[in-house]
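Remember, it's 1-based here, ligands and their atoms both numbered in the order they're listed. Sequence positions, counted from 1, serve as the residue numbers for this chain.
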Amino acid sequence: MKDDVGRAADILRAGGLVAFPTETVYGLGADASSATAVARLYAVKGRPADHPVIVHFAGAERAFEWTRSAPGAAQALAAKFWPGPLTLVLKRSARAADFVTGAEDSIGIRVPAHPVAHALLEAFGDGVAAPSANRFGRVSPTTAAHVRADLGGDVDLVLEGGPSEVGIESTIVDLSRGAAVLLRPGRISKEALEAALGAPVALRDESAPRHPGGLERHYAPATPVRLVPPHALDREIAKLGARAAVLAFSRPDERVEYWLRMPRDAEGYARKLYGALRELDAARCDAILVEAPPQEPAWQAVLDRLQRAASGG
Ligand code: TXA
Ligand code: MG
């Protein structure tokens with residue numbers, strides 16, 4: 001593993017692409033200071049050039065060199081949640097070029113907790129641009145096998161790190177315009193952020209500048225996904241029969257061949273979600289029926305991803 005990390009850091013220095021595990025999802029990494037490396041990253045992802053990418057660091061001190069300032073709120077969140085599944089959006093410094101920020105005046109920075117990610121970032125020594133290691137618009141990968149299935153030979157090296165523990169992308173908080181705004185919910189909840197800040201966190205205003213995490217088709221399998229209230233699941237299954245694939249809390253129904261049973265706790269559910277969607281997608285049914293989780297704060301991030309998957313196809 002140590003040799004692989006050293007080789008991965010060399011590949012990044014040479015302008016190559018390395019997929020690596022993080023605690024949220026696997027990332028596709030490139031040297032964030034290299035225009036050509038980042039251009040290749042965007043080409044492989046199939047991602048529009050005006051979509052900003054998150055830059056990853058081994059520690060907060062180095063991360064804040066890429067921002068114009070580190071306001072008290074950013075320091076407080078970094079101290080509480082880094083390393084971990086949190087991305088901070090702040091005004092950028094001269095270190096952050098247009099090609100990583102999508103020409104925005106801000107930059108997204110994160111210090112991941114996964115030991116392999118940390119070792120890679122430490123060995124590389126500076127910022128690594130890394131979107132999720134899937135093709136644009138598809139479900140994020142939570143294992144090295146998912147990455148290989150999506151990106152195959154287009155990536156120079158895939159580092160192994162086991163299944164991602166969180167399973168969904170990091171919480172993103174925008175601090176670049178003063179008061180904190182939650183751009184993307186994740187394992188770290190709005191309530192946890194508010195407790196750490198001692199101040200309210202606003203939800204994203206739909207009229208705010210666009211960012212792809214908030215855009216149309218994201219996190220979507222090829223098979224149409226439908227969110228179904230628990231009481232309506234039976235009726236929907238009766239309509240589709242064997243042409244339905246089902247993701248549910250309840251026990252399998254014999255009319256359905258592809259049925260995955262999900263955990264009743266939100267963290268366990270999030271951990272399994274993307275792998276489950278991939279598995280059901282591969283069944284090539286007419287629809288993936290998802291028994292809707294409760295509309296409760298603990299389920300905020302999972303509901304967000306399910307709604308995107310359901311509106312995405
Ligand atoms: O958990 C994660 O965040 C994973 C792992 C690999 O770290 N990365 C990830 O990256 O999800 P990506 O590129 O798939 O999603 C990045 C999100 C996008 O919604 C993007 O718009 C937002 O971060 N973002 C990045 N920089 C931003 C900025 N300056 N302002 C607003 N949003 C930004
Ligand atoms: Mg992504």
**Fill in**
Counting from 1 in the order shown, the ligand 1 atoms closer than 4.0 Å to a non-hydrogen atom of G108 are 26 (N), 29 (N)
**Item:** ligand 1-proximal atoms of T101, by part, heavy-atom distance under 4.0 Å
**Value:** neither
**Item:** Salt-bridge present (R261, E291; N to O < 4.0 Å)
**Value:** no
**Prompt:** Taking NZ, NE, NH1 and NH2 as the nitrogens, is one of them in R177 or E104 under 4.0 Å from a carboxylate oxygen of the other?
**Reply:** no
**Asked** Measuring from I54:CD1 to T24:OG1, what's the distance to the nearest 0.5 Å?
**Response** 8.0 Å
**Message:** At under 4.0 Å between heavy atoms, is it the side chain or the backbone of R92 that contacts ligand 1, or both, or neither?
**Reply:** neither
**Item:** Atoms of ligand 1 close to H56 [distance to a heavy atom under 4.0 angstrom, numbered from 1]
**Value:** 5 (C), 6 (C), 7 (O)
**Message:** As a check for students: among G27, A130, S170, identify the option with a heavy atom nearest to atom 8 (N) of ligand 1.
**Reply:** A130
**Prompt:** Going by the atom numbers of ligand 1, which of them fall below 4.0 Å from some non-hydrogen atom of P52?
**Reply:** 20 (C), 21 (O), 24 (N), 25 (C), 26 (N), 27 (C), 28 (C), 33 (C)
**Asked** How does R110 reach ligand 1, by side chain, by backbone, by both or by neither, if only non-hydrogen atoms under 4.0 Å count?
**Response** side chain
**Message:** Using the salt bridge (Lys or Arg N to Asp or Glu O under 4.0 Å) criterion, which residues pair with K91? Sequence neighbours excluded.
**Reply:** D105
**Asked** Does the N or O separation between K45 and ligand 1 drop below 3.5 Å for any pair?
**Response** no
**Message:** For R184 and T87: C-alpha separation, side-chain torsions, deciding distance, then whether side-chain hydrogen bond (donor to acceptor under 3.5 Å, both in side chains) applies.
**Reply:** CA-CA 9 Å; R184 180 172 73 184; T87 296; 5.0 Å; no
**Message:** Can you tell me which residue among R278, K45, R135 is in a salt bridge (Lys or Arg N to Asp or Glu O under 4.0 Å) with D150?
**Reply:** R278
**Message:** Show the atoms of ligand 1 that are less than 4.0 angstrom away from any heavy atom in I107.
**Reply:** 29 (N)
**Message:** Just checking H146 against Y274, ring centres under 6.0 Å apart?
**Reply:** no
**Atoms of ligand 1 close to S106 [distance to a heavy atom under 4.0 angstrom, numbered from 1]** = 28 (C), 29 (N), 30 (N)
**Request:** Assess S132: does it contribute an N, O or S atom lying under 2.8 Å from the Mg ion (ligand 2)?
**Result:** yes
**Item:** Exam field: side chain D31 to backbone G15, donor-acceptor pair closer than 3.5 Å
**Value:** no
**Item:** Contact atoms of ligand 1, heavy-atom distance to I172 under 4.0 Å
**Value:** 17 (C), 22 (C), 23 (O)
**Request:** Tell me which one of G186, G29, S132 gets a heavy atom nearest to atom 14 (O) of ligand 1.
**Result:** S132
**Asked** Is the shortest N/O to N/O distance between R47 and ligand 1 below 3.5 Å?
**Response** yes
**Message:** Applying the side chain to side chain donor-acceptor pair (under 3.5 Å) criterion to D304, which one of R308, Q300, Q307 satisfies it?
**Reply:** R308
With a cut-off of 3.5 Å and sequence neighbours excluded, list every side-chain donor-acceptor pair involving residues 121-129.
residue, atom, partner, partner atom, Å
E122, OE1, H118, NE2, 3.4
D126, OD1, W66, NE1, 3.3
D126, OD2, R95, NH1, 3.3
D126, OD2, R95, NH2, 2.7

**Fill in**
ligand 1 atoms nearer than 4.0 angstrom to some heavy atom of E169 are 1 (O), 11 (O)
**Message:** Pairs of nitrogen or oxygen atoms closer than 3.5 Å, one from T24 and one from ligand 1: do any exist?
**Reply:** yes
